[in-house]
Amino acid sequence: MYLRNALRAATAMTLVATAAAHADTLTIATVNNGDMIRMQGYTDKFTEATGIDVEWVTLEENVLRQRVTTDITTKGGTFDIMTIGMYETPIWGANGWLVPLDGMSAEYDVGDILPAMAGGLSHDGTLFAAPFYGESSMIMYRTDLMEKAGMEMPDAPTWQFIKEAAAAMTDRDAEINGICLRGKAGWGEGGAFITAMSNSFGARWFDEEWKPQFDQPEWADTLNFYVEMMNESGPAGYATNGFNENLSLFQQGKCGMWIDATVAASFVTNPNDSTVADHVGFALAPDTGLGKRSNWLWAWALAIPAGTQQEDAAKQFIEWATSKDYIELVAESEGWANVPPGARTSLYENPEYQKVPFAKMTLDSILSADPNSPTVKPVPYVGIQFAAIPEFAGIATQVSQEFSAVYAGQQTVEEALAKAQAFTAEEMEAAGY
């Protein structure tokens, strides 16, 4: 099946490949997540079909964001393709910094991209980045430890249940932490998690007049709950743990629960990588009964910076890497559980993928996330774990550092929130809000 599709795709790419045969090499910046590492392993197939070489620059998430932002704002021209997400794409597209992804082939089937993903990667109806995978967040938990604790995970639990279960599952002598959560500084690392969590506690970044809200009780409630739970049931040094660190802890059997990106499900259930692969269950991200769950919406996507000298070859690579054929390639080689999830409607209509134990919970989590109404109270911004304004990344990076200092025991919740309020108000005023 894949060979036939690959030949068909190669034929469709011939015109571009002929023009790009002298083209040289694409330089691609990407994040060091498992699905991106897996994609690099298949790049030779793209090169064989097209004659286009690929060089990868693979970076930790915080470093990637910094590098690609600097490169595109200074027109550095270092990369032909960048891995970016739902925060950057509409802003950079509006600024004319990205090449529109119109004119994709009929076989590529842009209409098959999940509407939630296409919408978040577009500006004024134009797609500016193609999702390699999409995600929300959900609970991944050890079914054996939950049973041992005498508890049963609901499909849609509350934060109070999670806290109680975490305490019951913690076994310090056995090096088992009841819960592992992001605490690492960075707006897209620990900042993303605590923002999504705060939504379920009724907090928000700004009110309808763009005034920062860190001086409101909902933020104090969020941080105090988080810190108390993590100090009681989380791993030592959680202030420096991000996605990859917690993934490693869970795979080693050192976490009872982990609330994070749905894309992690394939890695915690893969027996080649996870010591607890046969004992993993899934549930929706928690709430507090206020009507908002603490799950986010995100896509790691491939985009082409304006000004690249390799635009045609870059589009060709993006069509290959984010296509239905690529999904089939991974499925045939590594099984359906390991394909990049959350990007295409057809994947969730596929009977084989529907057998994957986390497929339905992933889709339910994605569909339940509403970036246009992310909080309990009204807000002037779009975005769940971020506010889609240019100033957010810089502000939220600083705020996340203050929060991580709390987690590390270097300051109090009250001190961090006061600093966050003052800094954010100053920056927003300077930006003219």
Side-chain angles (χ1 to χ4, degrees), residues 135-172 174 176-184 189-203 218-236 238-239 241-243 245-247 249-250 253-262 264-265 268 276 279-296 358 361-362 364-365 368-369 374-376 384-385 403 406-407 413:
E135 66 181 39
S136 183
S137 52
M138 66 182 177
I139 303 167
M140 293 159 278
Y141 68 95
R142 291 273 300 278
T143 55
D144 55 335
L145 295 181
M146 187 69 72
E147 182 179 355
K148 182 180 178 181
M151 304 180 75
E152 184 175 348
M153 176 71 78
D155 288 338
T158 65
W159 273 111
Q160 187 58 42
F161 175 88
I162 295 301
K163 184 179 181 181
E164 293 170 3
M169 297 166 79
T170 298
D171 184 343
R172 297 300 189 196
I176 296 174
N177 308 286
I179 190 162
C180 295
L181 300 174
R182 299 188 193 191
K184 189 176 189 176
E189 273 280 10
F193 180 85
I194 201 68
T195 295
M197 180 178 177
S198 76
N199 293 338
S200 69
F201 277 74
E218 293 87 352
W219 267 108
D221 291 345
T222 304
L223 283 182
N224 282 316
F225 186 96
Y226 173 91
V227 170
E228 183 177 328
M229 178 173 61
M230 292 299 288
N231 287 345
E232 180 180 56
S233 306
Y238 67 87
N241 288 349
F243 174 86
E245 291 82 5
N246 285 324
L247 171 61
L249 286 171
F250 196 97
K254 295 183 178 181
C255 301
M257 291 179 289
W258 179 30
I259 305 171
D260 212 299
T262 52
V268 298
V276 297
H279 304 287
V280 183
F282 307 96
L284 292 175
D287 68 2
T288 64
L290 297 178
K292 296 294 178 182
R293 309 205 77 82
S294 49
N295 57 308
W296 61 63
F358 51 81
M361 188 60 71
T362 295
D364 288 347
S365 298
S368 70
T375 55
V376 175
I384 296 175
Q385 73 277 28
F403 291 174
V406 175
Y407 311 153
V413 167

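Residue numbers count from 1 along this sequence.
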Novice: Less than 4.5 Å apart, any side-chain heavy atom of V413 and any of W219?
Specialist: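 A side-chain contact is absent here, since even the closest heavy-atom pair is not under 4.5 Å.
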Novice: Report the distance from atom CZ of R142 to atom NE2 of H279, rounding to the nearest 0.5 Å.
Specialist: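 Going from CZ on R142 over to NE2 on H279, the span is 7.0 Å.
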Novice: Give a yes or no on whether the backbone of T288 and the side-chain of S200 come within a donor-acceptor separation of less than 3.5 Å.
Specialist: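 Judged by distance alone, no pair lies under 3.5 Å.
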Novice: Are W258 and F243, when compared by the centres of their aromatic rings, separated by less than 6.0 Å?
Specialist: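 Yes, ring centres under 6.0 Å apart.
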Novice: For residues M230 and L181, determine if any side-chain heavy atom of one lies less than 4.5 Å from a side-chain heavy atom of the other.
Specialist: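 Side-chain contact under 4.5 Å: yes.
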Novice: Show your reasoning for whether side chain to side chain contact (heavy atoms under 4.5 Å, CB included) applies to I194 and T222.
Specialist: CA-CA 8 Å; I194 201 68; T222 304; 4.0 Å; yes
Novice: Are the side chains of N241 and L249 in touch, meaning some heavy atoms are under 4.5 Å apart?
Specialist: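 Yes, their side chains come closer than 4.5 Å.
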Novice: Between V406 and L223, is a side chain to side chain contact (heavy atoms under 4.5 Å, CB included) present by the stated rule, with each step listed?
Specialist: CA-CA 9 Å; V406 175; L223 283 182; 5.6 Å; no
Novice: Could you tell me which non-hydrogen atom of A168 sits nearest to which non-hydrogen atom of M151, and how far apart they are?
Specialist: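 Reported closest heavy-atom pair: CB-SD, 3.9 Å.
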Novice: If we only count heavy atoms from C-beta on, is the K292 to T375 side-chain gap below 4.5 Å?
Specialist: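 Sidechains of T375 and K292: no contact.
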Novice: Of D260, I162, I179, L284, which meets side-chain contact (heavy atoms from CB on, under 4.5 Å) against I139?
Specialist: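 Filter result, single survivor: I162.
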Novice: Could you report the tightest heavy-atom contact between I176 and G256, atom names first, then the distance?
Specialist: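 Looking at all heavy atoms of both residues, the shortest contact is CG2-N, 4.4 Å.
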Novice: According to the interplanar angle, ranging from 0 to 90°, do the rings of Y407 and Y226 count as parallel (below 30°), tilted (30 to 60°) or perpendicular (above 60°)?
Specialist: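 Taking Y226 first and then Y407, their aromatic rings sit tilted (interplane angle of 30° to 60°).
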Novice: With side chain to side chain contact (heavy atoms under 4.5 Å, CB included) as the criterion, how do K148 and M169 come out once you've worked through the C-alpha distance, each side chain's angles and the decisive distance to 0.1 Å?
Specialist: CA-CA 8 Å; K148 182 180 178 181; M169 297 166 79; over 6 Å; no
Novice: Would you mind reporting whether I259 and F193 have side-chain heavy atoms less than 4.5 Å apart?
Specialist: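 Yes, close enough: below the 4.5 Å cut-off.
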Novice: If you compare all heavy atoms of R293 against all heavy atoms of D287, which two are closest, and at what distance to 0.1 Å?
Specialist: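 Minimum heavy-atom separation between R293 and D287: NH1-OD2, 2.9 Å.
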Novice: How close do C180 and K254 get, counting heavy atoms only, and between which atoms?
Specialist: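 Minimum heavy-atom separation between C180 and K254: SG-O, 4.2 Å.
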Novice: Nearest heavy-atom pair of M138 and M361: which atoms, and what distance?
Specialist: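 Looking at all heavy atoms of both residues, the closest pair is SD-CG, 3.5 Å.
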Novice: Between the side chains of N246 and Y238, is a donor N or O closer than 3.5 angstrom to an acceptor N or O?
Specialist: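 No pair is found: no donor N or O on one side chain lies under 3.5 Å from an acceptor on the other.
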Novice: Are the side chain of D171 and the backbone N or O of A174 linked by a donor-acceptor pair below 3.5 Å?
Specialist: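 Judged by distance alone, yes, a pair lies under 3.5 Å.
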Novice: Donor-acceptor check, side chain of N199 to backbone of I384, threshold 3.5 angstrom: yes or no?
Specialist: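 Yes; at least one donor-acceptor contact below 3.5 Å.
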Novice: A quick test of your reading: do over 12 heavy atoms of other residues, nucleotides or ligands sit less than 6.0 Å from CD of E152?
Specialist: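 It does not: E152 CD has 12 such atoms or fewer within range.
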Novice: I'd like to know if K163 pairs up with E232 as an ion pair, taking the criterion as any Lys NZ or Arg NE/NH1/NH2 lying under 4.0 Å from an Asp or Glu carboxylate oxygen.
Specialist: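 Between E232 and K163 there is no salt bridge, as every charged N stays at least 4.0 Å from the carboxylate O atoms.
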Novice: Hey, what do you get for CD (Q160) to CE (M229), rounding to the nearest 0.5 Å?
Specialist: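 CE of M229 is found 10.0 Å from CD of Q160.
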Novice: When you measure from the side chain of S137 to the backbone N and O of W296, does any donor-acceptor pair fall under 3.5 Å?
Specialist: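 Side chain of S137 to backbone of W296: a pair is present.
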Novice: Without swapping roles, check the side chain of E245 against the backbone of G242 for a donor-acceptor pair under 3.5 Å.
Specialist: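 Judged by distance alone, yes, a pair lies under 3.5 Å.
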Novice: Could you check whether the rings of W159 and F201 sit parallel, tilted or perpendicular, using 30° and 60° as the cut-offs?
Specialist: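 Taking F201 first and then W159, their aromatic rings sit tilted (interplane angle of 30° to 60°).
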Novice: Does A285 offer a backbone N or O that forms a donor-acceptor pair with the side chain of S294 under 3.5 Å?
Specialist: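 No, because the side chain of S294 does not come within donor-acceptor range (under 3.5 Å) of the backbone of A285.
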Novice: For S368 and S365, indicate whether the former's side chain and the latter's backbone hold a donor-acceptor pair under 3.5 Å.
Specialist: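 Checked: pair present.
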Novice: Minimum heavy-atom separation for S136 and N295, please, with both atom names.
Specialist: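 So the minimum-distance heavy-atom pair works out to OG-ND2, 3.1 Å.
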